[in-house]
Protein chains: 2
Amino acid sequence: MTAIKENSTRNYNKQVSATSCPVTYVMNKIGGHWKPIILYHLSNGSKRYSELKRAIPQITEKMLIQHLKQLQEDDLVLRTAEPIVPPFVTYSLTPAGAKLQPVLNAMAIWGLNDMEERR
Amino acid sequence: MTAIKENSTRNYNKQVSATSCPVTYVMNKIGGHWKPIILYHLSNGSKRYSELKRAIPQITEKMLIQHLKQLQEDDLVLRTAEPIVPPFVTYSLTPAGAKLQPVLNAMAIWGLNDMEERR
DNA sequence: ATAGTTACATACTTTGGGGTAAGTACTTGT
DNA sequence: ACAAGTACTTACCCCAAAGTATGTAACTAT
């Protein structure tokens, strides 16, 4: 999953910003084209991998699992796999992921309002 | 300021996400390593270019004006130049930029709480 | 036997954000 | 004459995120 070059200025600055600026810290967790959209779809209850895929048609499978993995690592999303075949894997929000909802809502409200005003 | 290739899938998806997902819309405006930090420093009142530069020592001048320009284009920040020499340019938050403050606060609060919990 | 389903994995390429370094115009202080 | 300050600009490079394409295991239904 894309190895990072630890000793680049870019990466260094990112670390610094993330630890010193809580807003950047949040954006590192929910940034990326698809993460907010994934979180949105999971906010209406847990979904299977294939359900998410169908719900977000433009996303490629690579991007979908990549972001799902990152969201798991950040403890925002929980993966539950039933050991049957064909596989049955569901994704749901963790408590931390659920606590993020008001923040996402606040952002969405500002965004919608701003889009409205600039029309 | 880094020309964009309009007809790339990447850029297309970004546009789509930004117009269909209000959260992504917001992140396009406040994303980037330095934008939240710049907005934070402006939230305590307007600042000169050189004051911002000194307040954020790690940022390069290129990044600083680049982000300031984008923030102006997004109508979050207002540039006021007095026609004297040496130049006297101040940056301040627009009403839209000020309205963003509660959102940034909500993000910061979640971020700080999350950082705390994972220690 | 073979086609389909599910949930991935992996190699390769592209590109846009970010960093480095240097230069500019205009004036004031020494 | 020249150094210093202010607010930029410009050319160039690097790399990590995103996209493209293809493959895989294990089982079921026809």
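Per chain, numbering begins at 1; letters A, B, ... match sequence-line order. Keep in mind that the numbers below use all heavy atoms, side chains included, and drop hydrogens, waters and symmetry copies.
Between the side chain of B:Arg10 and the base of C:dG16, no donor-acceptor pair under 3.5 Å is found.
Look at CD on B:Gln58: it is 16 Å from C1' on C:dT20, rounded to the nearest Å. Rounded to a whole Å, the CG atom of A:Leu64 is 17 Å from the P atom of D:dA17. Rounded to whole angstrom, the span from the NZ atom of A:Lys69 across to the P atom of C:dA7 amounts to 15 Å. For the pair A:His33 NE2 and D:dG19 C1', the computed distance is 10 Å after rounding to whole Å. What separates CG of B:Leu68 from P of D:dT9 is a distance of 11 Å, to the nearest Å. One interatomic measurement links the two molecules: CD1 of B:Ile30 to C1' of C:dG17, which rounds to 17 Å at whole-angstrom precision. The CH2 atom of B:Trp34 sits 13 Å away from the C1' atom of C:dG17 (whole-angstrom rounding). Straight-line distance from the NZ atom of B:Lys53 to the C1' atom of D:dT6: 8 Å, rounded to whole Å.
Note on A:Asn13: a side-chain N or O is less than 4.0 Å away from OP1 or OP2 of C:dG19. Between B:Tyr49 and D:dG5 there is no side-chain polar atom (N or O) within less than 4.0 angstrom of OP1 or OP2. Here B:Ser8 does not reach the OP1 or OP2 of D:dA18: none of its side-chain N or O atoms lies under 4.0 Å away. Side-chain N/O atoms of B:Ser50 include one lying less than 4.0 angstrom from OP1 or OP2 on D:dA7. OP1 or OP2 of D:dA18 sits under 4.0 Å from a side-chain N or O of A:His67. Residue B:Lys62 has no polar side-chain atom (N or O) positioned under 4.0 Å from OP1 or OP2 of C:dA22. The phosphate of D:dC8 has OP1 or OP2 within less than 4.0 Å of a side-chain N or O from B:Arg79. Between A:Lys14 and D:dA17 there is a side-chain N or O to OP1 or OP2 distance below 4.0 Å. Between B:Tyr12 and the phosphate of C:dT15, there is no side-chain N or O to OP1/OP2 separation shorter than 4.0 Å.
Within the 3.5 Å criterion, the main-chain N or O of B:Tyr91 finds no donor-acceptor partner in the side chain of B:Lys47. No side-chain donor-acceptor contact under 3.5 Å links B:Glu116 to the backbone of B:Asn113. One N or O on the side chain of A:Thr94 and one on the backbone of A:Asp75 form a donor-acceptor pair closer than 3.5 Å. Although no hydrogens or angles enter the test, the distance criterion places no donor-acceptor pair under 3.5 Å between the side chain of A:Glu73 and the main chain of A:Gln70. In terms of modelled atom types and a separation under 3.5 Å, the side chain of B:Ser92 and the main chain of B:Ser46 share no donor-acceptor contact.
Comparing B:Gly31 and B:Glu61 by the nucleotide of DNA chain C that holds the closest heavy atom to each, the one mapping nearer the 5' end is B:Gly31. Annotation: of the two residues near DNA chain D, A:Pro87 and A:Gly32, the 5′-most nearest-nucleotide partner is A:Gly32. Residue B:Phe88 is the one, among A:Met63 and B:Phe88, whose nearest nucleotide of DNA chain D lies closer to the 5' end (criterion: closest heavy atom). Of the residues near DNA chain C, A:Tyr91 and B:Thr60, the one whose nearest nucleotide (by heavy atom distance) lies more toward the 5' end is A:Tyr91.
Looking at B:Lys29 and A:Asp114, a side-chain N of the basic residue comes within less than 4.0 Å of a carboxylate O on the acidic one, giving a salt bridge.
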